[in-house]
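Here is the structure we will look at.
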Amino acid sequence: MGLAVRVIPCLDVDAGRVVKGVNFEGLVDAGDPVELAARYHRAGADELTFLDVTASSGNRETTWEVVGRTAEQVFIPLTVGGGVRGVADVDRLLRAGADKCSVNSAAVREPGIIDEIARRFGNQVLVLSVDAKRTGNTASGFEITTHGGRRLTGIDAVDWAREGASRGAGEILLNSMDADGTRDGFDLEMIRAVRAVVDVPLIASGGAGQPADFPPAVDAGADAVLAASVFHFGPENAIAEVKDALRAAGHEVR
């Protein structure tokens, strides 16, 4: 029997508040990150992901103080990303209470950062965040973006995921920028394409709108499923409903 599928609410944070939009635009306030983290912990979330969505684009550091307060409220793994530029940032986040750190823009600029972080802290600490869009610019049809999806890079997303795993990323967080916030379902083709080239755990992100959207992502190869809108703006028992849907589809959950 395989490992249980992890259900992970994502807290997209801007200036200390949880926000959510569509394709990372039109952001609306969704609440206090500390309060939401505690709520999701009580509701049965397996992990939490905290992303400072404007840290890279605004050239700001991640909000360390909010990370620390969030970590004090939850006793499940906490991944933090946004503005992580190297080993010093990872060290500071781990000291603030994060269990894992997510890197994106900095790793695209300097892939060796992946090697450095994995060598210093172990690959179990490092999540490579892959924000990809469908374009005609790459062999796979999926292109890496940075800075919250604002910049195209010309890099093939499938090739980049493979390289990141080979350099030491312990997990791949695969986010469809086209589906993000739309609540139309995960990009299953993208998940399958990346699953075919990496052996590390794969977290599917972008597009979940209802519990029925989650099992197909796992069928496509995801080891974990991450979402924001469906939890922030859905019913109080949304996490339980997602786990029920996964269980009914034959997937083991915690």
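- Judged by distance alone, with hydrogens and angles left aside, the side-chain atoms of R85 form a donor-acceptor pair with the main-chain N or O of G83 at under 3.5 Å.
- Here the closest non-hydrogen pair linking C10 and L51 is SG-CD1, 3.8 Å.
- At distances below 3.5 Å, at least one donor-acceptor pair connects side-chain atoms of R195 with backbone N or O atoms of G221.
- Side chains of L226 and T49 form a contact here, defined as non-hydrogen atoms less than 4.5 Å apart.
- The backbone N or O of E47 sits nowhere less than 3.5 Å from a side-chain atom of H41 that would complete a donor-acceptor pair.
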*Residue pair V103, V127: steps toward the side-chain contact (heavy atoms from CB on, under 4.5 Å) verdict*: CA-CA 6 Å; V103 295; V127 179; over 6 Å; no

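- Panel note: side chain K243, backbone E252; no donor-acceptor pair is recorded below 3.5 Å.
- Of the possible donor and acceptor atoms, one in the side chain of Y40 sits under 3.5 Å from a partner among the backbone N and O of H232.
- Counting only distance, with no hydrogens or angles, the side chain of R247 and the backbone of G250 share no donor-acceptor pair below 3.5 Å.
- Note: S129 OG to E171 CD = 11.5 Å, rounded to the nearest 0.5 Å.
- V84 is not listed as a side-chain neighbour of S102, based on a closest heavy-atom distance of 4.5 Å or more.
- No side-chain heavy atom of R162 sits less than 4.5 Å from a side-chain heavy atom of V194.
- Each of L174, V130, V158 was evaluated against M190; a single residue qualifies, L174, per the side-chain contact (heavy atoms from CB on, under 4.5 Å) test.
- Contact between R167 and D115 at its shortest, heavy atoms only, is NH1-OD1, 2.6 Å.
- Considering all non-hydrogen atoms of both residues, P33 and V13 come closest at CB-CG2, 4.2 Å.
- Between the CG atom of D178 and the CZ atom of F142 there is a distance of 9.0 Å, given to the nearest 0.5 Å.
- Here the side chain of D99 pairs a donor or acceptor atom with the backbone of L78 at under 3.5 angstrom.
- Looking at D131 and T145, their side chains never bring a donor and an acceptor atom within 3.5 Å of each other.
- A 6.0 Å sphere centred on CZ of R95 holds no more than 12 heavy atoms belonging to other residues, nucleotides or ligands.
- Two residues are said to be in side-chain contact when any heavy atoms from C-beta on lie closer than 4.5 Å; I8 and I203 meet this criterion.
- Minimum heavy-atom separation, C101 to L94: SG-CD2, 4.3 Å.
- With rounding to the nearest 0.5 Å, the separation of CD1 in I144 from CG in D156 is 8.0 Å.
- Once rounded to the nearest 0.5 Å, the distance linking CG of D159 with CD1 of I155 reads 10.0 Å.
- E143 places no side-chain N or O within donor-acceptor distance of the main-chain N or O of K133, the cut-off being under 3.5 Å.
- To the nearest 0.5 Å, atoms CD (E65) and OG1 (T70) are separated by 8.5 Å.
- Looking at I114 and L128, their side chains come closer than 4.5 Å, going by heavy atoms from C-beta outward.
- The existence of a salt bridge linking R39 and E35 is excluded, since no basic side-chain nitrogen approaches an acidic carboxylate oxygen closer than 4.0 Å.
- Taking NZ of K100 as the start and CG of L173 as the end, the distance is 10.0 Å to the nearest 0.5 Å.
- The closest side-chain heavy-atom distance from V108 to W160 is below 4.5 Å.
- The two residues I113 and G86 have their closest heavy-atom pair at CG2-CA, 4.4 Å.
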Review item, side-chain donor-acceptor pairs of residues 206-219, under 3.5 Å, at least two apart:
residue, atom, partner, partner atom, Å
D213, OD2, G209, N, 2.8
D213, OD2, Q210, N, 3.1
D219, OD1, H251, NE2, 2.8

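- The two residues A228 and D12 come nearest to each other via the heavy atoms CB-OD2, 4.3 Å.
- Counting only distance, with no hydrogens or angles, the side chain of D32 and the backbone of V34 share a donor-acceptor pair below 3.5 Å.
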